[in-house]
Each structure stands twice: as structure tokens, then as C-alpha cells.
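Whatever order the structure lists them in is the order used to number ligands and atoms, beginning at 1. This is a predicted model, so every value here is computed, not measured.
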Amino acid sequence: MEKILDSISKEIAKAFEAAGYDANLGRATWSNRPDLCEIQCNGAMAGAKLYKKAPIMIANEVAAKLADSKAIKDVEAVNPGFLNMNMSDEFLAQYVEQMSNADKFGLETGDKKKIVIDYGGPNVAKPLHVGHLRSAVIGQCVKNLCRYMGHEAIGDIHLGDWGLQMGLVITEIKERMPDLIFFDDSFEGEYPTESPVTVTELEEIYPTASGKSKEDPEYKAKAMDATFKLQSGVRGYRALWKLIMNISVADLKKNYDNLAVDFELWNGESSVHDLIPGMVQDMKDGGYAYISEGALVVDVKEEIDTKEVPPCMILKSDGASLYNTTDLATILDRMNTIKPDRIIYLTDKRQNLYFEQVFRCAKKTKLVDETTDLSHIGFGTVNGKDGHAFKTREGGVMRLEKLIEEINDKMYAKMSDGRELSEEEAVSTSKKIAMAAIKYGDLSNQPAKDYIFDIDKFTSFEGDTGPYILYTIVRIKSILAKYEANGGVVADAKLLAPESKQQKNLMLEITKFISMMESAYEELAPNRICSYIYDLANCFNGFYHETKIMAEEDKAKQASYIALLVICKNVLEDCIGVLGFEAPDRM
Ligand code: ARG
């Protein structure tokens, strides 16, 4: 559907033309003084320079041409030359009606693109902590957003499953259980299928090993050797690694499930190991990679750079591959198997420069062509109220599982307190609200900004929070249910022109959906969706408090309120669906 401001701009453009001025001057915007008018056009100001005429004269002439417009009313030229106007009530009602009959409220989706979203990025054998929240939550939302915009989106978790950390874990297991069959070089039979350690043990094994290797160079050498053996395919090491992977991935799945975050692909750094030698050879043959101080590098600096962009290191001087190498090989793999038009990465913003290097290197070495869009969303840190990285009360690293549990418990306490929910409903409802609290709390911030994870604020039913949005949806659902219980048929409700300011505000806000979604996608900015639904929820609540919906005696009027509630609820629900949470029926 045409965006509402575009329709109105067209009318104003025609009026400019009819008055003898350039049609391009007729661009409408939402008013920045809603107390004065709903829509404004500043074209007469620009026209003044072009036509050497006082802007107010131009504005007056254009206003006269708009006098019998069907889309706008109350057109006024005000000094020094603004055009202020309101939307016609009938036109607005027709537009909202059309939106409610259209797929996705009239949002038009362009060419279908294939998009890979690389998010999550956990490291195997380490539990998820609060720092993993953003990648998971923003990544899932970006994936949903791409799909809502009509694209094919494929999520890949890109596990950190191949580096020194795996060597460390294997080394520590070997220290503790040297007799395990995996470490017997002469063994040629079938290896066990059960992991010799549990996930809980792994969570202690990794930090212990990492601590030891920092203090003890000999231990570190052992870990590097174990990494080398694993990567070069020593059977026992591969077999043990596989078992560690199995239990670790099962545990990760459980954790991501709890957040309603899912991935189409569970690939990792290890998945592309075999592609590295060929890729490196091609980079050398193409004349891109050269040896610098023993290491193999590709220059990626460009003339326009204002800060230094160091070369992209492909192999260390000992021939070992790096984080870069696997990322580049992963691009190669994705181009071979998926052929995406775009890849979007989500990581901490401290990796901004890193991704700049990787992207330039991928383009320069022709792993991708010029048209492939490589984007990185670098996000800020989740902080505690003290402004430092979020910690447990005891000052330790906050595990994601614990954080979710804490918020679930808090919501459960609210839901089982004085409400008529069954135990089962209280549990499922509190989980839904907790999810909204966490995700909205994160997504309502610009991704690149740090934010304070304020549990009390996020779980509040009032203010700019997920629970407030859910509360609004639940309120609408309950009105609709009452209407039906009284014999009304929601599906038959027809929208009429607005009669009150609040009703009109709500309708106007609904019309902003299309352009909001487009810019959320354009800018990859979930926070746009959040601030939109917060405004929309406020508009609804403003309308609700001013209007007696159930007590309205004029049935046509009442039905029109109901029709408005339906579209408002549907828009809110589609938006939270993209954000990655859902509303309960009651709360
Ligand atoms: N495992 C990495 C880390 O912990 C994040 C991976 C992000 N994705 C990527 N393609 N590099 O920092």
C-alpha cells in the first residue's frame, strides 16, 4: 500500500503544481507541533528562494488549491510560510480500513533476498552468560524482521568450537583421566559414545584449564599441542571433541529454547576447517596474501581511511589459523552452499574493526562479489545499576540461565498473587511476561548503546516496558472477548471516521506502521519497533480511558471502536512477534 504520507504528499504536490510551482516542493511530514496540526509541509520556504517570492504568498496560493482536498482538511498557511493541516477523518478511516484488509497491513515487501544472520556465537564448553543475551535476542529479532520483510533468512549460530579453548578442555581432561582410551595412540577400535564428563563438569574444567595455562607455560604448551592434534585429525582427540560437542550443544539448545531463540544452522568454526588450505592457496595465487614478519596477511587499508586499518592476518607465523581465518572460510562456505545476497553478523561492538577487516578482505580476495552485502551490528554492553558490566549479587559473572530464572520467579510471584490464574496458567503466563521483560528491555535500546539491565524497571507493568505492551494487548483481548460474549461479532465490525481526538490519534498512529517497519529493517533497528509500539500502546490507552466502549449504545459506533481495537491488537501482536515474544490471554 502507498504510505499515507506519500498519498498526502501527492495531493500537496498537485496543489503546488496547480499554483504554478514545482511539484517536488509538496512533501508532507508529520507535524512536529501536534498541538497545532497533524501534518505540515515546508515546501513554500524552499520555493521562496526558487521563485523569489515571500513564502507566505506561496503557502497561501497552495492552501487555496487544497481547499477541497479529500485527504486533508483545515489547511492553513502560517507565517513565515508553513502549511499546517489535518487529515480528513473519512480519508483516515478508509486508509486504516484498507490496512486492516491488507496482508501485513499493507507493508510492501520488495525483492526477496537470501540473508544469513550470524548470531549467538557461543563458545562450546563455556556456559552462556549475560553477555550472550544481546547477540541472541537482537539476532533473533533481526532474523524475524528480515522474514517479515519477505526475505528468506537463515540463522547460523557460528559456534566457537575449534580454537585453543578446545585444546585446553582436552588437556585438562587428560590431566585428570590420563587412562581414557581417547589418549591411547595405539587404539584402533570404536570409541565410547558417552562423554567422560558432564556439562556441569565442563563448566568448571574450562576456567580451571584457562587459569592454569596463564600461569604455567608448560601447561599452555600441552594445550596448544592438544589443539594441534585435534585440528590435524588425531582420531582419539576428534572422538573426544565430538562427545564434548554433543553434550555442550544439547545444553546450548536448551538455553536458547528458554529464550525462544533458534537457529537453522548449528555450524561452527570447526565446520570450515577443511576449506582453509584451499582458500589460503587461492589468496596467495591471486596475489592478495603475502608474508609479513612471518605471518601471512592481506592488506585491507583504503585511501579514505581516517584511522589505521591493519592488515587482515590469515595465518600466524607457525601456520596456525586464526579467528579471521575461520570467519573468511565460513564466508566461502556460505557462498558455496547458500549463496546469500547478504550476511548480517551480530557481535559485541568491540569487534567493529575486526569485521571491517574481514569484510574488506572477503571483497578484495573475491570470496564475495561487490554486490554481496556484508553488515555487522556491533552491540553495547549489558550493565548493572552501578554502570559496570552486569554481575551477580556476589560479584560473579551472571549466567544467562540464572538471570532468566530470577525474572521468571519475579513474574511468577506477581502472577500467583491475588489473580485467578490456575497454577499452570500462572507458570506459562509468567514465562511469557518474563520473556517480554527481558527482550523488550534489551531491544528498546539502540543496539550500539550500552544499557542498564534494571530488573525492577523491566518487569514493571507501567512505562516503556515489555509487560506494559503485553498488558495493553491483554486489555484489548479482554474487551473483544466481552463484546463477543454480549453477542457482538468482532469479524463484522466496521470502522467509521474518528469522532474524538484520542480515537483519531490512535488511528493516525496505526497508519505509521508501514514506514516504521521499513526503517526498522533499513537501519536494522529493533528499537524502532519498540518505540513505535510504546507510542501505539499509549495511544490505545489514551483512547480507552476517554471512551466508554462496552457501554456505548450506538451499535455502529461501538462496532467501529471494536474494529479499531482489532487492528491495533493485530499490529501490536505482529510487532512483538518480530521482537520475539508473545502475549498471554490474561495477566
Ligand atoms: N565466538 C565468538 C566470541 O565469543 C563470537 C562469534 C561471532 N561470529 C562470528 N562469525 N565471528 O567472540
Side-chain angles (χ1 to χ4, degrees), residues 115-140 142-143 153-169 202-203 206-207 210 227 241 244-245 248-249 251-252 255-256 261 263-273 275-276 279 312-314 321-338 340 342-363 367-368 372-382 389 397-400 447-448 524:
I115 305 173
V116 169
I117 330 274
D118 180 314
Y119 66 110
N123 293 325
V124 166
K126 287 193 224 170
L128 294 179
H129 56 79
V130 66
H132 290 102
L133 183 70
R134 301 213 74 189
S135 183
V137 169
I138 306 171
Q140 184 75 28
V142 166
K143 185 171 84 179
I154 302 148
D156 185 358
I157 188 165
H158 199 75
L159 294 166
D161 60 358
W162 205 231
L164 180 63
Q165 61 179 4
M166 299 312 301
L168 283 166
V169 169
L202 272 183
E203 289 175 1
Y206 174 75
S210 162
T227 312
W241 171 80
I244 298 171
M245 284 290 286
S248 208
V249 165
D251 186 61
L252 285 171
N255 275 286
Y256 282 114
V261 166
F263 303 91
E264 284 58 48
L265 298 173
W266 281 77
N267 292 339
E269 297 173 357
S270 67
S271 318
V272 296
H273 179 73
L275 292 178
I276 292 176
M279 177 185 81
C312 195
M313 202 196 283
I314 308 296
S321 57
L322 301 102
Y323 184 48
N324 299 6
T325 329
T326 44
D327 258 322
L328 288 162
T330 302
I331 294 180
L332 175 64
D333 183 37
R334 288 174 180 156
M335 295 319 286
N336 287 342
T337 55
I338 305 173
R342 182 172 196 189
I343 309 177
I344 303 172
Y345 295 83
L346 280 112
T347 73
D348 188 301
K349 66 181 171 198
R350 281 169 288 193
Q351 295 190 29
N352 282 355
L353 175 62
Y354 166 77
F355 276 102
E356 183 63 43
Q357 290 173 294
V358 168
F359 294 170
R360 286 185 184 186
C361 183
K363 294 226 152 130
L367 291 180
V368 299
T372 313
D373 184 343
L374 301 173
S375 340
H376 175 234
I377 305 178
F379 47 78
T381 319
V382 180
V397 174
M398 184 58 143
R399 301 211 11 200
L400 195 50
L524 298 176

Exercise. Can you list the residues that meet the side chain to side chain contact (heavy atoms under 4.5 Å, CB included) rule with A362, with sequence neighbours excluded?
Worked result: L328, I331, L367, V368, L374
Exercise. When you measure from atom 11 (N) of ligand 1 to each heavy atom in Y345, Y323, Y119, Y354, which option holds the nearest one?
Worked result: Y323
For this session: Pull out every atom of ligand 1 sitting under 4.0 Å from any heavy atom of F355, numbered as shown with elements.
Result: 9 (C), 11 (N)
For this session: Could you tell me the residue and atom name of the protein heavy atom closest to atom 10 (N) of ligand 1, and the distance to it rounded to 0.1 Å?
Result: D327 OD1, 2.7 Å
Exercise. Nearest protein heavy-atom contact for atom 4 (O) of ligand 1: which residue, which atom, what distance?
Worked result: N123 ND2, 3.2 Å
Exercise. Any idea which atoms of ligand 1 are less than 4.0 Å away from a heavy-atom of T347?
Worked result: 7 (C)
Exercise. Taking NZ, NE, NH1 and NH2 as the nitrogens, is one of them in D156 or R334 under 4.0 Å from a carboxylate oxygen of the other?
Worked result: yes
Problem set entry | Mutual orientation of the aromatic rings belonging to F263 and Y119 [parallel < 30°, tilted 30-60°, perpendicular > 60°] | tilted
Exercise. Is the shortest N/O to N/O distance between P122 and ligand 1 below 3.5 Å?
Worked result: no
Seminar exercise, completed: Hits for side chain to side chain contact (heavy atoms under 4.5 Å, CB included) against E203, two or more places apart or cross-chain, chain-then-number order -> P127, V199, D251, R399
Problem set entry | Geometric N/O contact E269 with ligand 1, under 3.5 angstrom | no
Exercise. Do the ring planes of F355 and Y345 sit parallel (below 30°), tilted (30 to 60°) or perpendicular (above 60°)?
Worked result: tilted
Exercise. Is there a side-chain contact between L265 and V116 (heavy atoms, below 4.5 Å)?
Worked result: no
For this session: Determine whether the aromatic ring centres of F359 and Y354 lie less than 6.0 Å apart.
Result: no
Exercise. What protein heavy atom sits nearest atom 8 (N) of ligand 1, and how far off is it?
Worked result: D118 OD1, 3.1 Å
Exercise. Which residue holds the protein heavy atom closest to atom 12 (O) of ligand 1, what is that atom called, and what is the gap in Å?
Worked result: Q351 NE2, 3.2 Å
